[in-house]
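All remarks here apply to the structure that follows.
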Amino acid sequence: MPTGGPRRRSTFRPDIEGLRGIAVLSVLAFHAAVPGPTGGYVGVDIFFVISGFLITGLLTGRPLGLWDFAARRARRILPAAATVLVATAAAGGALLDPLRGTDLARDLIAAAGQYANWRFVGQQTDYLAAERDPSPLQHFWSLGVENQFYLFWGALLLGLARYLHGRRRSLAITLATLAVGGTSLALCLRWTAASAPLAYFSTGSRLWEFAAGACAALLSSALATRTPGRAVTRTLRPLGWAGLAAVLGSILLYDRTTPFPGAAALLPVLGTAAVLLAGPSDRLVGGLLATRPLRAAGRLSYAWYLWHWPVLIIAQARYGQLPWTVLLALTAASALPAWLTLRLVEQPLRYGSSPAPRRGLAVGASALVIPLIAALTLGGGTVRALGGATNTRTAAPAGAVDGPTLLAPGTRVLGLTPSLARAREDFPPGKGCEIPLNADSSPRCLFGDENSPDRIVLLGDSHAGQWISAGLKMAEQRHWALEVLVKPGCPLATLTVRNDVLGRTYDECDRWREDTLTRLTSGPEPRLVLMAGLNRYGSQEERTVGWTRTLDRLAALGAPLAYLGDTPMPGKDIPTCLAASDGRSDACFFPRDTAFEPDPMLDGGLAARYGVRTLDLGPLLCPGSGPSCPAVLEGVVLYRDTGHITDTLAQVLAPRLDKGLLGAP
C-alpha cells in the first residue's frame with residue numbers, strides 16, 4: 001500500500017519517492033495486464049518495506065506520543081481512502097447489478113473498518129466464494145494490512161520507548177524487530193504451502209516485510225551516528241545496485257504461477273531493503289530513482305493506487321473483459337481523480353489542518369464514518385432492488401419423475417425460484433460436510449435415519465455435494481441414512497490435480513480419496529454408492545485412467561454403484577447475470593459447446609464394464625440441439641454461481657434421481 005512519511009523534512013530522500021514510483025507503476029501495469037511486468041504484484045511488497053523503513057525511522061527518531069502518531073497516520077491515510085470508498089459506492093450503485101452492489105456494500109464496510117484483508121481471506125479460502133468476480137475494493141486488503149501494522153508497531157515501539165532508554169531501548173527494539181520478522185516469515189513460508197490466500201492477505205504473514213524495512217532503518221540510523229569509512233561506502237554502493245536488480249528482476253521474472261509470497265518474496269523484499277540501506281551513498285542508483293517521472297509517480301502513488309482498481313473492475317463488470325490496451329488507458333485516466341484527490345484532499349488535510357492530535361483523530365473518525373454511511377445506503381438500495389432479504393427460503397416446486405419437462409404436470413412457478421436475492425445462498429444442507437481444502441479426511445456426516453444399517457453413500461467433490469438434498473429425499477423415503485463424503489475441488493477419479501486456491505498440487509485430495517475408499521470397506525455394505533463430480537479434471541485420457549483405478553476399488557465393495565453425469569457449466573455467475581438483466585428468464589444463455597466435456601463414464605463404456613447405473617441430466621437442463629443452454633428453466637433458477645446448481649433445482653430433480661437410480665415407480 002503506497003503510503004509514506006512527511007513530504008518536507010531535512011531527511012527527505014528523493015530516491016525513496018522514486019522507488020515508490022517503481023512500485024506503483026509495476027502494480028498498475030500488472031493489473032492492466034500489460035505484457036512484460038508479469039510480477040508487478042511485488043510492488044505491494046515494495047510499499048510494505050518502505051513503510052516499515054519510514055515508520056520505524058519516525059518512531060525512533062523523535063519523541064512522539066501514541067495519540068500523536070495515530071493522528072498523523074489518520075490524516076495521512078484515511079481521507080483519501082474515504083474519498084475513493086464513497087466514489088466507488090456511488091459508481092457501484094449506478095453501474096453494477098444489485099447482487100454485485102450487495103457484495104460491494106459488505107466490502108465497503110470491511111474496507112472502512114480496516115479489515116478488508118481478513119474479509120478476502122475468508123472469501124478466497126472458501127472454494128465456492130472464490131469463484132465470484134473480484135471486488136472493486138479488493139486492493140484495500142493492503143491498506144488493511146498496513147493500518148494493522150501501524151497500530152501494532154506504534155504501540156510496540158512507543159511502549160518500549162516509554163519504559164526503556166538508551167542502549168537498552170535500542171537493543172529491545174532490535175530484538176523485537178527480529179523476533180516479529182522471524183516469526184512472521186516462518187508463518188509466511190508455512191501458509192504459502194498450506195493456503196495461498198491466507199498467506200497473501202493476512203497480516204501475520206506480511207509483518208516480516210515491514211520488519212525488513214525496520215531493520216534497514218535501524219541499521220541506517222546506526223551508521224548515521226558514525227562517520228562511514230571507505231569499506232562501508234564500498235559495501236553500500238554495490239548493495240544498492242544488487243537491491244535494485246533484485247526488485248526489477250522479480251517484477252519481470254515472476255508471474256501468476258509463482259508461489260507467493262513465500263520464499264519468492266525474499267527477492268523483492270530484501271532488494272528493497274538493500275536500496276533503502278544504501279541510500280544516497282551511490283549517486284547513480286539514487287540519481288536513477290530520483291528522476292522526475294519516477295518521483296512524480298511516487299508522489300501520486302497512494303491516490304493512484306486507490307483509484308485505478310475500482311475503475312478497472314467496474315468498467316469490466318459493465319462492458320465485459322477488456323483488452324490490455326483499454327485497461328492501460330483506463331489506468332492512465334485514473335491518474336486524473338488521483339491527482340485531484342492529492343491536491344484537494346490529501347495535502348490540505350495533511351499539511352493545512354491543525355497538528356493537534358485531537359484534530360487529526362477527528363478527521364480520521366469522519367473518514368471512517370462517512371464510507372460506512374455510504375455502504376449502508378448502497379446495501380439498503382440493493383436489497384430493495386432485489387425484492388427483499390436473502391434469507392427467505394420458499395418450498396421447491398414439484399419435479400417431474402421423467403419426461404422432457406422439469407416440473408411435474410400442473411405445476412407452475414410465478415416469477416423466479418429461488419429469488420435472485422436468495423439464489424447465491426441456495427446451498428444444500430450440511431455445508432460443513434464439504435471439508436476444508438487442507439483437510440484430508442471427512443467427518444461423520446449422516447442425514448435421514450442415522451441409526452439405520454442401510455445407507456446411500458454420496459461420493460465426490462462439490463459437484464457431488466450439490467446433490468445432498470436429492471439424495472436425502474431418496475434415503476428418507478426408504479428410512480435409510482445418507483452418508484456424505486465430499487471434498488471441494490477433489491476428483492473421485494484417481495488423478496492428482498493442482499488447486500488454484502492453494503496455489504500448488506492438491507496433495508490433500510489424494511490423501512482424502514485414499515482415506516475415503518479405505519473407509520468404505522468397513523461397516524455395513526451401502527445400499528447404493530452414488531458418485532458425481534466435476535467432469536473437467538485433467539484430459540479425457542487422464543479421466544478415463546483415473547476412473548478405472550477408482551472403480552476397481554469401488555467394485556470390490558460389492559455394493560450397487562450409480563453415477564450422475566455432470567451438470568452443464570455456465571462459466572459465468574448466473575445470479576449476477578440475471579440481476580443485471582432484470583431477472584428475464586430468457587437472459588444469460590451460455591454456449592452449449594463449452595457447457596459439456598466428454599465423460600468417460602457416460603461415453604467411454606466404463607459404466608457398462610463395471611455395472612454402474614448412470615443418469616445423464618444434461619439433455620434435460622440444456623434441452624434441444626441449439627447453440628445455447630438456458631440459465632432458467634420453467635421459472636427455476638438452475639445455477640447459484642458459475643457452475644453449481646441451486647438446491648431448489650436439486651430438490652426438483654429428486655424424483656427423477658429416485659426413479660433413474662433406484663428404480664422407484
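Just the heavy atoms: all of them, side chains too, but no hydrogens, waters or symmetry mates, feed the values below.
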Any side-chain heavy-atom pair of [X] and [Y] under 4.5 Å:
{"X": "Trp208", "Y": "Val269", "answer": "yes"}
{"X": "Phe69", "Y": "Leu151", "answer": "no"}
{"X": "Tyr200", "Y": "Ser205", "answer": "no"}
{"X": "Val326", "Y": "Pro323", "answer": "yes"}
{"X": "Cys188", "Y": "Pro261", "answer": "yes"}
{"X": "Asp15", "Y": "Leu276", "answer": "no"}
{"X": "Val49", "Y": "Phe210", "answer": "no"}
{"X": "Thr38", "Y": "Phe30", "answer": "no"}

Q) Given Thr576 and Arg424, is the side-chain hydrogen bond (donor to acceptor under 3.5 Å, both in side chains) satisfied, shown in steps? A) CA-CA 9 Å; Thr576 297; Arg424 269 191 177 178; 2.7 Å; yes
Q. Does a donor on one side chain sit under 3.5 Å from an acceptor on the other, for Thr505 and Asp507?
A.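 No - no donor-acceptor pair under 3.5 Å links their side chains.
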Q: Determine whether the side chains of Thr177 and Thr174 contain a donor N or O and an acceptor N or O closer than 3.5 Å.
A: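 No - no donor-acceptor pair under 3.5 Å links their side chains.
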Where do [X] and [Y] come nearest, in terms of heavy atoms and distance?
{"X": "Arg13", "Y": "Val275", "result": "NH2-O, 3.8 Å"}
{"X": "Tyr254", "Y": "Ala264", "result": "OH-O, 2.7 Å"}
{"X": "Pro14", "Y": "Ala290", "result": "CB-CB, 3.9 Å"}
{"X": "Gly262", "Y": "Leu189", "result": "C-CD2, 3.7 Å"}
{"X": "Leu108", "Y": "Ala89", "result": "CD1-CB, 3.5 Å"}
{"X": "Leu143", "Y": "Ala81", "result": "CD2-CB, 3.8 Å"}

Q: For the pair Thr496 and Tyr506, evaluate side chain to side chain contact (heavy atoms under 4.5 Å, CB included) and give the outcome as yes or no after the intermediate values.
A: CA-CA 7 Å; Thr496 298; Tyr506 200 3; over 6 Å; no
Do [X] side-chain atoms and [Y] backbone N/O form a donor-acceptor pair below 3.5 Å?
{"X": "Ser301", "Y": "Gly298", "answer": "yes"}
{"X": "Ser184", "Y": "Gly204", "answer": "yes"}
{"X": "Ser250", "Y": "Val247", "answer": "yes"}
{"X": "Thr56", "Y": "Phe53", "answer": "no"}
{"X": "Ser195", "Y": "Trp191", "answer": "no"}

Inter-residue atom distance [X].[atom1] - [Y].[atom2], 0.5 Å rounding:
{"X": "Thr83", "Y": "Leu344", "atom1": "OG1", "atom2": "CG", "result": "9.5 Å"}
{"X": "Leu248", "Y": "Ile22", "atom1": "CG", "atom2": "CD1", "result": "5.5 Å"}
{"X": "Leu58", "Y": "Arg73", "atom1": "CG", "atom2": "CZ", "result": "7.0 Å"}
{"X": "Ser142", "Y": "Arg206", "atom1": "OG", "atom2": "CZ", "result": "9.0 Å"}
{"X": "Ile77", "Y": "Arg72", "atom1": "CD1", "atom2": "CZ", "result": "13.0 Å"}
{"X": "His31", "Y": "Leu328", "atom1": "NE2", "atom2": "CG", "result": "14.0 Å"}

Q) Salt bridge check: are Glu346 and Arg76 linked by an N-O gap of less than 4.0 Å? A)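 The answer is yes: the pair qualifies as a salt bridge.
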Q) When you look at Arg295 and Arg20, which way does the side chain to side chain contact (heavy atoms under 4.5 Å, CB included) test go after all the steps? A) CA-CA 8 Å; Arg295 288 188 59 191; Arg20 195 181 293 118; over 6 Å; no
Q. Mind checking whether Tyr305 and His139 have parallel, tilted or perpendicular rings, split at 30° and 60°?
A.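 Tilted: the ring planes of Tyr305 and His139 meet at 30° to 60°.
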Q.
What verdict does the side chain to side chain contact (heavy atoms under 4.5 Å, CB included) test give for Thr272 and Asp45, after you've listed the backbone C-alpha separation in whole Å, the side-chain angles of each residue and the deciding distance to 0.1 Å?
A. CA-CA 9 Å; Thr272 303; Asp45 305 81; over 6 Å; no
Q) What's the verdict on side chain to side chain contact (heavy atoms under 4.5 Å, CB included) for Trp307 and Leu336, showing C-alpha distance, side-chain angles and the deciding distance? A) CA-CA 9 Å; Trp307 275 104; Leu336 177 58; over 6 Å; no
Q: Taking atom CZ of Arg256 as the centre, report whether more than 12 heavy atoms of other residues, nucleotides or ligands fall under 6.0 Å from it.
A: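 Not buried by this count: 12 neighbours or fewer within 6.0 Å.
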Q) If you count the non-hydrogen atoms of other residues, nucleotides and ligands that lie under 6.0 Å from CZ in Arg498, is the total more than 12? A)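 Yes, enclosed.
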Q: For Cys215, check disulfide bond (SG atoms under 2.5 Å apart) against everything at least two apart and list the hits.
A: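 Result, disulfide bond (SG atoms under 2.5 Å apart) vs Cys215: none returned.
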(Q) Using side-chain hydrogen bond (donor to acceptor under 3.5 Å, both in side chains), reason through Trp304 and Ser334 one step at a time and then give a plain yes or no. (A) CA-CA 7 Å; Trp304 204 357; Ser334 66; 3.1 Å; yes
Q.
Between Phe120 and Trp141, is the ring centroid distance below 6.0 Å?
A.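 Ring-ring flag for Phe120/Trp141: false, centres at least 6.0 Å apart.
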Q. So, do Trp309 and Phe140 have ring centers that fall under 6.0 Å from each other?
A.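 No, ring centres 6.0 Å or more apart.
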Q. Going through the checks in order, is the salt bridge (Lys or Arg N to Asp or Glu O under 4.0 Å) test met by Arg106 and Asp103?
A. CA-CA 5 Å; Arg106 298 190 181 105; Asp103 292 339; 3.5 Å; yes
Q: Hey, could you give me each pair passing side chain to side chain donor-acceptor pair (under 3.5 Å) that has a residue in residues 110-119? Not counting sequence neighbours.
A: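 Residue pairs passing side chain to side chain donor-acceptor pair (under 3.5 Å), neighbours aside: Asp107-Arg119, Gln114-Asn147, Asn117-Gln148, Asn117-Thr203, Trp118-Gln148.
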